[in-house]
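Notes follow once the structure below has been shown.
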Amino acid sequence: MSYNHHQIDAKWQAYWDKHKTFKTPGLSDKPKYYVLDMFPYPSGQGLHVGHPKGYVGSDIIARYKRMQGFDVLHPMGWDAFGLPTERQASKENKHPAEITRRNTDTFRQQLKQIGLSYDWDREIDTSQPDYYKWTQWIFLKLYQKGLAYQAEVPVNWCPALGTVLANEEVKDGVYVETGDVVEKRLMKQWMLKITEYADRLLEDLDGLDWPESVKEMQRHWIGKSEGARIRFAVAEHDNTHFEVFTTRPDTLFGCSYCVLAPEHPLVQSITSAEQREAVESYVENTLKQSERERTQKTEKTGVFTGAYALNPVNGEEVPIWIADYVLASYGTGAVFACPAHDERDWEFAAKFDLPLIEVVEGGKIEEAAYTGDGKHINSEFLNGMKIEAAKRHMIKWLSENGCGEGETQYRLRDWLFSRQRYWGEPFPVIELEDGSLFLEEEGDLPVALPHLDDLSPTPDGQPPLARATQWREVTLPDGRKGLRETNTMPQWAGSCWYYLRFLDPLNDKFPWDAALEQRWMPVDLYVGGTEHATLHLLYARFWHKVLFDLGLVSSKEPFQKLFNQGKIQARSYRDGRGKYYYPHEVEARDGEYFVKGSDTLLETRIEKMSKSKHNVVTPDETIAEYGADSLRLYEVFMGPLEDDAIWQTENMSGVRRFLERTWRLYFPEKPVKGGETPLQLERLLHKTIQKVTEDLEQMHPNTAISAMMIFVNEATRLGYLPDNMKKPLALMLAPFAPHVAEEFWESLGQKTSIALAPWPAFDPEMVLDKNIEIPVQVNGKMRGTIEVRAGASENEARSVAEDDENIGKHLSGLEVVKVIFKTDRMLNFVVRPPKKD
RNA sequence: GCGGGUGUGGCGGAAUGGCAGACGCGCCAGACUUAGGAUCUGGUGUCUUCGGACGUGGAGGUUCAAGUCCUCUCACCCGCACCA
C-alpha cells in the first residue's frame with residue numbers, strides 16, 4: 001500500500017466533517033485556548049500559497065493544544081464588506097452579495113483542502129444582516145457614550161475610489177492600498193473619538209505579549225508628547241493672540257521668532273501691507289502642492305508676515321513668519337522658534353538670517369542646534385537648572401501668569417468613520433426634518449442594505465444609498481419624517497469585534513453571551529500579518545476598551561499574544577520590455593535567467609505573489625501534486641514562522657519524501673521482522689518528543705519537523721519502526737500532517753480521531769545519556785572529543801583526555817595553567833610553555 | 001534623518017557564550033535495478049605539505065572560549081518621516 005494523498009486527504013477531511021471533530025466544546029472545567037487567525041477579505045483572486053502560512057502555523061498550535069487537553073476555540077470567517085467586491089459587482093452587473101458568496105465559497109473550499117481544524121459551524125460573514133445587525137448595535141453604544149459624532153472636517157477624498165479615507169489609510173498623499181491620489185476636501189462625516197482612549201491604548205500595550213516592533217509602531221502612531229501651550233499676543237493688534245504648543249517650554253527665553261502654518265486663521269489679519277503680496281503668494285503656492293510634494297522637500301521655505309509677537313516671558317518683540325514646515329494639523333498650527341536648540345528652527349534661522357539665543361550650555365550653536373541637556377543660561381529664573389527642572393518651572397510660571405499651561409498632545413486623531421460606498425454597514429441613523437438625529441431602536445436592527453441595481457454615486461455626488469429613495473425616506477411612528485444616513489461604515493468596522501461574535505455566532509438575542517465571553521476571552525494567540533499593526537489592531541483595541549467600559553467584556557485587551565507570520569514571496573521574471581514570464585517558460589544558465597530555448601535575458605526579482613507578475617502558486621496545484629500534508633509541512637518548514645521566505649515548489653519534495661519514508665515505517669512494502677526495540681532508538685524517540693514539545697511551545701515548527709526527520713531517518717536505517725514507537729510518532733506528527741497521522745492511527749486499531757488523543761510524554765530518564773561525548777579544547781582550540789559517563793568529574797574527564805593520543809600531543813611539554821570544565825558540556829586546558837628556571 | 005530588524009556553504013536554514021553548518025533542497029559516488037524525476041547507502045564550507053590552518057558582512061574589544069556579549073562600520077529589509 002503506497003501513499004496516495006488524494007485518497008487519504010479526502011477520506012479524513014470527510015471524516016472530520018462528518019464527526020464534527022473540531023466542534024468547540026461547551027463550558028467545562030478544562031483549561032481553554034482561543035487561537036484566532038486574522039480572518040481574510042475574500043477577494044476574487046482566491047488564495048495563493050502565501051496566505052496559509054499563518055493559518056497552518058496557528059492550526060498546528062490549535063491541534064497541539066487540543067491534544068494537550070485544552071478546550072480549543074479555532075474559528076474562521078470572512079471580512080466580506082469592501083470596495084473590490086463592490087467594483088467587481090458593478091463590472092459584472094451582479095449584486096455584491098452574489099460576488100461575496102462566490103468568493104467565500106472558493107476560499108472555504110481552498111481552506112478545507114488544507115485540513116485546517118476550524119469549527120466551521122462558527123463561520124461568520126460580516127456582510128450578513130445577522131452579523132452587521134450587531135455592528136450597528138455597537139455603533140449605537142458608541143453614540144450613546146458620546147464617542148460618535150458628525151463633523152465638517154477636512155477629509156482625504158480619493159476621486160478614483162469616490163470615497164473618503166481615514167488618515168491611517170493615506171501616506172504621502174496616496175491611498176496606501178492602491179496608490180490612488182488623495183486630496184483634501186471639507187465634508188460632513190461621522191467621526192469616532194478614539195483620541196479619548198489614547199492614553200489607555202498607549203499604557204495597556206505594556207502588558208501585552210506582542211512583538212516589540214508592533215507595540216513600537218502603535219506607540220509612535222499614538223504619538224504622545226508632553227509640553228505646554230503658550231499664548232503669544234500680536235504686537236499692535238489689540239486682542240489678537242495665537243497659541244503655540246511646545247515640548248520645550250524651558251527654551252522660551254531662546255525664542256527669536258514665531259512661525260504660523262500657512263493655513264493658520266490669523267495669517268490674513270496680521271499680515272502687513274508691505275508683506276501681503278509675498279504672504280499671499282506663499283500661501284497659495286503651499287496649498288497648490290500635494291501633500292506628497294510638501295513632505296518630500298527638505299529645503300526650508302517661508303515668508304515674514306510683517307507682524308511681531310510678544311514673548312510672554314520677557315515682553316520681547318519677535319517677528320512672525322509663515323512656513324510650511326509648521327503643520328496646520330498638529331498641535332496649534334503655530335510654534336515659537338528657538339533656533340539654538342531645535343534643528344528645524346536652526347536650519348530656518350540659518351537660511352533667513354534670524355538670531356540665535358543660547359539658553360542651554362553644552363553645544364556649539366554656531367555649528368548646529370544643541371538639543372542635549374545642560375544648564376540654562378540667559379534665562380533669568382531658570383538659570384542654572386537642567387532641562388527637566390526648567391520645564392517644570394516654566395510651566396508653573398506660565399500658569400501663574402496666565403499665559404499658558406502644561407499640555408499633552410497626541411499624533412493620533414479621531415477616526416473618520418464614514419465612507420461614500422454601498423457595500424458596507426448602513427448607519428442606524430435618520431436625520432429628521434428639523435435637523436436633529438434619530439437613532440434606531442435596538443429592537444429595530446438591523447437597518448438592512450436596500451437592494452440597488454446601480455452602485456454609482458448620484459449625479460449630484462451623493463453616495464450610492466441616496467438612490468434608494470424608498471428606503472431612505474422614513475416616517476416615524478409619531479409622524480415625524482426624515483432621511484436615512486447614506487454613508488456606510490468603513491471596512492474596519494466588522495473586523496473590530498468579530499473575535500467576539502465567534503464566541504456565540506448564532507445568538508439572535510445578544511451579540512454574544514456573557515458566560516461564553518468570560519469563558520473564552522481574551523484571545524490567547526492571534527496570528528496575522530504585520531500590515532495590520534496600526535490599523536485593525538488599534539481600532540479593535542479601541543472598540544474593545546469601549547465595550548469593557550460598558551461592562552460588555554471582561555478583559556481590558558482583546559488579544560493577549562500576537563504573532564506575525566512572515567510573508568511568502570516568489571521569484572518573478574521579466575524581459576527588457578517589462579513583459580512577465582511564467583517560471584515554466586524560463587531556464588537558468590550560468591546563474592542568469594533566459595526565456596527557454598532563447599537568448600532573451602530576463603531580469604528576476606523577489607516579489608509579492610500577484611497574477612500580473614505571473615508568479616502566483618496556488619495551494620490547489622501544490623496539494624494536487626504533493627498532498628495537503630506536504631503543503632502544510634513545507635509552509636512551516638521553510639524557515640522560522642515569523643520570517644519572510646521565498647516559495648520554491650521544487651523544495652517540497654523534501655517534506656514529501658519525509659512523509660513517504662514515514663509511511664513505509666507503518667506500511668512496509670515487504671514484511672519486516674521487527675520485534676526488537678534498540679535502546680538507542682528508544683532514547684532518540686524520547687529526545688524527539690521532548691524537542692518537538694519544546695519547539696511547539698516556542699512556535700518553532702521548522703526545527704520540530706527537523707527533529708522528527710532525524711528520528712524517521714534513524715528508524716529507516718534500522719529497517720523498521722518498533723511497535724511501541726508507532727503511537728508516539730503518529731501522535732507527534734498529528735498537528736503537522738494530520739491526514740497521514742489519522743491513517744497511521746487507524747492502522748494501529750484506534751477507533752477515534754488522533755486529533756483528540758493525548759499528546760505523548762517523554763521519560764526524563766530516557767533523554768539523559770549514560771555516556772556523553774564532550775569536546776576537549778587546548779587554549780580554546782578544538783583538539784578532540786572524549787567519551788565519559790554522564791556527570792563525570794573534572795578529574796575523571798581530565799585523565800581520559802590526557803590519555804587521548806591526539807589531545808595528549810597538544811599538551812606534551814606544556815604547563816597546564818588552568819582547566820575549565822563544565823560537567824557534561826566541555827573541557828578546556830589553558831596551557832603555556834614551561835618557565836625555564 | 002529617526003525607530004525596529006536581518007547579514008552563516010551553491011540555496012532555504014540549525015546552533016542555553018562551549019564540537020559552526022542540524023534538517024531540507026541541489027550536487028557527487030555507489031547499491032538495487034537497469035532507460036525511473038523511485039528507493040537505499042555514503043559523501044558534499046575553503047585551503048592543505050594530511051599534522052593541520054582558515055572560516056558566520058567588515059574592523060576592533062571582553063572572555064579560558066564569541067555566529068552568539070560590547071564598540072565602531074558597511075549592506076539590505078520593514079515602519080515613521082519637518083509631530084514643534
Side-chain angles (χ1 to χ4, degrees), chain A residues 2 171-172 211-217 219-221 223-225 227-228 244-249 251 258-259 261 294-300 323-327 329-338 342-345 347-348 409-412 530-531 533-534 564 567 591 606 633-634 637-640 642-648 650-658 660-661 664 669 691 700 702-710 712-713 716-717 719 773-785 806 809-810 817-822 824-831:
Chain A
S2 67
K171 193 190 155 190
D172 295 337
E212 198 50 44
S213 60
V214 176
K215 290 206 233 179
E216 226 15 72
M217 273 192 243
R219 285 189 192 109
H220 181 257
W221 198 268
K224 180 177 183 169
S225 57
V244 302
F245 174 71
T246 180
T247 54
R248 291 293 303 275
T251 62
C258 285
V259 187
R294 200 166 149 180
T295 51
Q296 276 178 355
K297 69 180 199 186
T298 46
E299 183 85 350
K300 293 271 180 295
D324 63 4
Y325 81 91
V326 173
L327 308 176
S329 54
Y330 183 78
T332 59
V335 301
F336 84 76
C338 175
D342 180 281
E343 284 164 23
R344 295 153 302 182
D345 297 342
E347 268 181 55
F348 192 81
Q409 280 281 341
Y410 297 90
R411 199 184 104 104
L412 185 69
T530 42
E531 64 272 23
T534 46
N564 294 128
K567 284 188 291 291
I606 305 302
L633 285 173
Y634 183 57
F637 183 65
M638 300 172 79
E642 62 272 29
D643 284 5
D644 291 352
I646 299 165
W647 186 270
Q648 286 170 292
E650 319 83 78
N651 287 4
M652 282 185 67
S653 52
V655 292
R656 169 72 192 200
R657 282 203 273 260
F658 163 64
E660 288 184 350
R661 209 169 283 161
R664 286 193 296 272
E669 280 150 6
K691 172 75 176 154
H700 293 161
N702 53 328
T703 46
I705 293 167
S706 161
M708 288 187 283
M709 285 173 164
I710 292 169
V712 166
N713 288 346
T716 300
R717 211 159 281 137
E773 196 178 78
I774 63 173
V776 179
Q777 303 173 347
V778 177
N779 281 351
K781 292 204 189 287
M782 267 299 298
R783 295 302 176 189
T785 58
N806 192 41
K809 204 161 50 185
H810 285 94
V817 184
K818 198 173 170 187
V819 174
I820 298 175
F821 177 71
K822 300 272 175 185
D824 296 347
R825 300 293 294 168
M826 55 79 60
L827 177 66
N828 185 12
F829 294 93
V830 184
V831 300

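In this structure, the nucleotide among U39(B), G4(B), C80(B) sitting nearest to the side chain of S213(A) is G4(B). Of the candidate nucleotides G3(B), G52(B), G18(B), G52(B) has the atom lying nearest to any side-chain atom of H810(A). Comparing C25(B), G12(B), A22(B) by their nearest atom to the side chain of I710(A) picks out A22(B). Checked against U39(B), C23(B), A53(B), the side chain of M709(A) finds its nearest nucleotide in C23(B). Residue W221(A) has its side chain nearest to C80(B) when only C80(B), C25(B), G79(B) are considered. Taking the side chain of T785(A) as heavy atoms from C-beta on, and the options C40(B), C19(B), A84(B), the nearest nucleotide is C19(B). Considering only side-chain atoms of T703(A), the nucleotide from C19(B), C23(B), A14(B) that sits closest is A14(B).
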Using Watson-Crick and G-U wobble pairs whose two distances are both under 3.5 Å, how do you write the pairing of RNA chain B as dot-bracket, with | for links to another strand?
(((((((..(((.....[....)))((((((.......))))))(((....)))..(((((..]....))))))))))))....
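Not one side-chain nitrogen or oxygen of N651(A) sits closer than 4.0 Å to the OP1 or OP2 atom of G13(B). OP1 or OP2 of C23(B) has not a single side-chain nitrogen or oxygen of R661(A) nearer than 4.0 Å. Between A84(B) and T332(A), no contact under 4.0 Å exists linking OP1 or OP2 to a side-chain N or O. Taking side-chain N and O atoms only, R219(A) has no distance below 4.0 Å to OP1 or OP2 of C2(B). At G24(B), one or more side-chain N or O atoms of N713(A) fall inside 4.0 Å of OP1 or OP2 (strictly under the cut-off). Taking 4.0 angstrom as the limit, R717(A) places a side-chain polar atom (N or O) nearer than this to OP1 or OP2 of U41(B). OP1 or OP2 of G24(B) has not a single side-chain nitrogen or oxygen of N702(A) nearer than 4.0 Å. Look at R411(A) and you'll find a side-chain N or O under 4.0 angstrom from OP1 or OP2 of A81(B). The phosphate of U16(B) (OP1 or OP2) has no side-chain N or O of R825(A) nearer than 4.0 angstrom.
Rounded to a whole angstrom, the distance from the P atom of G3(B) to that of U73(B) is 13 Å. A distance of about 23 Å separates the P atoms of C76(B) and C82(B), rounded to the whole Å.
Residue K822(A) is the one, among E650(A) and K822(A), whose nearest nucleotide of RNA chain B lies closer to the 5' end (criterion: closest heavy atom). When each of M652(A) and P775(A) is assigned the nucleotide of RNA chain B with its nearest heavy atom, P775(A) is the one assigned upstream, toward the 5' end.
Remark: R657(A) does not engage E660(A) in a salt bridge, criterion side-chain N to carboxylate O under 4.0 Å. In this structure, K567(A) does not pair ionically with E531(A), as no charged nitrogen and carboxylate oxygen lie closer than 4.0 Å.
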Show your working on side-chain contact (heavy atoms from CB on, under 4.5 Å) between W647(A) and M638(A) and close with a plain yes or no.
CA-CA 8 Å; W647(A) 186 270; M638(A) 300 172 79; 4.0 Å; yes
Take R783(A) and N806(A) through the test side chain to side chain donor-acceptor pair (under 3.5 Å) and record every step on the way to the result.
CA-CA 7 Å; R783(A) 295 302 176 189; N806(A) 192 41; over 6 Å; no
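Atom CD of E660(A) is separated from atom P of G37(B) by 15 Å (rounded to the nearest Å). Computed from coordinates, the M826(A) CE to G17(B) P distance equals 15 Å when rounded to whole Å.
Taking the ring centre of Y325(A) as origin, the terminal cationic atom of K300(A) falls inside the region bounded by 6.0 Å and 45° from the ring axis.
The base of G1(B) has none of its N or O atoms less than 3.5 Å from a complementary donor or acceptor on the side chain of E343(A). Within 3.5 Å, a donor on the side chain of N828(A) pairs with an acceptor on the base of C64(B), or the reverse.
Panel note: side chain D342(A), backbone A337(A); no donor-acceptor pair is recorded below 3.5 Å.
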